[in-house]
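Note that the numbering runs from 1 along the sequence shown for the chain. Heavy atoms only: backbone and side chains are in, while hydrogens, waters and symmetry mates are out.
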Amino acid sequence: GFLRYAVTIGVGEGVGSVSRSVDRLVVLLFLDPDRLGIYHLGAIEVPVSLILASLVTVMVPEVSRLMAAERHGQVADLFRMAVVRLSWLILPLFFFLFVFTDDVMRLYLPAAYADSAGVFRCFLLMLPLRCAVYNPILVGSGRAGWALAGSVGDLVLNGLMSVGLVLWLREAHPGGSMLGPAVATVVATHLQVAGLLLVIAHLVRRPFWQLVPWGHLVRVSVFALIAALLSHW
């Protein structure tokens with residue numbers, strides 16, 4: 001039983017990895033091959049995964065213990081506390097990088113890759129989603145299959161939207177066709193996270209609007225945005 005459950009978790013992670021590569025495949029197949037390098041160097045996620053992985057390691061056994069004891073309120077409080085702590089790192093980092101994208105890209109890449117900045121900005125829009133970790137709640141409560149279903153849905157939606165947008169932009173706005181797969185990836189990821197939040201709210205028996213500390217996120221966002229704009233000025 002443990003092995004079957006582990007296989008479900010592993011397949012879900014594998015599907016997620018494939019989904020993160022679909023956009024690059026679409027660029028390679030439907031655009032000029034020389035655009036792939038420009039896209040690939042801009043389509044990067046800020047490496048906060050080490051922090052998230054550490055949090056997952058701690059949360060999964062605790063969530064499992066609390067769910068087995070039917071302490072759903074404590075699971076919801078644990079989730080909210082994780083969001084609060086992560087937001088102080090993730091949101092200032094997001095606004096700083098978004099405001100200073102052009103400067104960061106000039107340091108990161110030669111001038112020939114200036115078009116990578118637009119792709120990088122698109123991918124930055126997924127960074128605020130890292131203020132929470134979602135799979136530990138599902139895995140710890142015995143619902144790894146639901147996480148797998150979310151990953152499959154993200155893969156299918158991402159693939160369909162990437163192809164559709166790149167074909168449309170290639171005809172209507174050739175200069176912006178490279179942004180199609182990036183936008184598709186961002187939209188698919190946001191929809192997947194929205195679905196996961198609804199599932200988690202159902203599991204912990206909390207209304208959706210009470211699951212996430214929205215007021216705190218708004219306050220930190222305003223603070224981080226003002227700080228980033230002032231530092232840029």
Let me check something: any side-chain donor-acceptor pairs from residues 10-18 under 3.5 Å, sequence neighbours excluded? List them with distances.
residue : atom : partner : partner atom : Å
S17     : OG   : E13     : O            : 3.1
S17     : OG   : R20     : NH2          : 3.3

**Report entry** Pairs involving residues 110-129, ordered by first then second residue, that meet salt bridge (charged side-chain N to carboxylate O under 4.0 Å, His left out) (sequence neighbours left out)
**Finding:**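 Salt bridge (charged side-chain N to carboxylate O under 4.0 Å, His left out) check on residues 110-129 returns R35-D115, D102-R121.
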
Query - Hphob cluster co-occupancy, V186 + L157, side-chain heavy atoms under 4.5 angstrom - result: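 The answer is no; the residues belong to distinct hydrophobic clusters.
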
Query raised in the report: Mind checking whether L125 and L165 sit in one hydrophobic cluster, side chains of I, L, V, M, F, W, Y counted as touching below 4.5 Å?
Result: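 No; L165 is not reachable from L125 via cluster members.
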
Report summary line: Sorted by chain and number, sequence neighbours left out, side-chain hydrogen bond (donor to acceptor under 3.5 Å, both in side chains) with R219 holds for none

**Report entry** Side chain proximity check, F120 to L109, heavy atoms < 4.5 angstrom
**Finding:** no

Query raised in the report: Is I137 close to F79 at the side-chain level, that is, under 4.5 Å between some pair of heavy atoms?
Result: yes

Requested in this report: Output all residues satisfying salt bridge (Lys or Arg N to Asp or Glu O under 4.0 Å) with R143, sequence neighbours left out; order by chain, then residue number.
Outcome: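 R143: no salt bridge (Lys or Arg N to Asp or Glu O under 4.0 Å) contacts found.
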
Donor-acceptor contacts under 3.5 Å from residues 168-182 side chains, at least two apart:
residue : atom : partner : partner atom : Å
R170    : NH1  : F30     : O            : 2.8
S177    : OG   : P174    : O            : 3.0

Query raised in the report: Is R80 salt-bridged to D77, going by a charged N under 4.0 Å from an acidic O?
Result: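 No, R80 and D77 are not salt-bridged.
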
Query raised in the report: Please walk me through it: do L203 and L138 pass side chain to side chain contact (heavy atoms under 4.5 Å, CB included)?
Result: CA-CA 8 Å; L203 286 176; L138 300 178; 3.5 Å; yes

Query - Closest non-hydrogen atom pair, P213 against V84 - result: CG-CG2, 3.8 Å

Which side-chain N or O atoms in residues 221-233 pair as donor and acceptor under 3.5 Å with protein atoms at least two apart or in another chain?
residue : atom : partner : partner atom : Å
S221    : OG   : L217    : O            : 2.7
S231    : OG   : A227    : O            : 3.1
S231    : OG   : A228    : O            : 2.8

Query - Other residues, nucleotides, ligands: >12 heavy atoms within 6.0 Å of H40 NE2 - result: no

Query raised in the report: Do other residues, nucleotides or ligands put more than 12 heavy atoms under 6.0 Å from the CZ atom of R65?
Result: yes

Report task. Take S49 and R130 through the test side chain to side chain contact (heavy atoms under 4.5 Å, CB included) and record every step on the way to the result. Result -> CA-CA 9 Å; S49 56; R130 307 308 179 205; over 6 Å; no

Query raised in the report: Out of I44, V119, V46, which one pairs with L124 under the side-chain contact (heavy atoms from CB on, under 4.5 Å) rule?
Result: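 Testing each of I44, V119, V46 against L124, the sole residue satisfying side-chain contact (heavy atoms from CB on, under 4.5 Å) is V46.
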
Query raised in the report: What class does the angle between the rings of F208 and W214 fall in, given that below 30° is parallel, 30 to 60° is tilted and above 60° is perpendicular?
Result: tilted

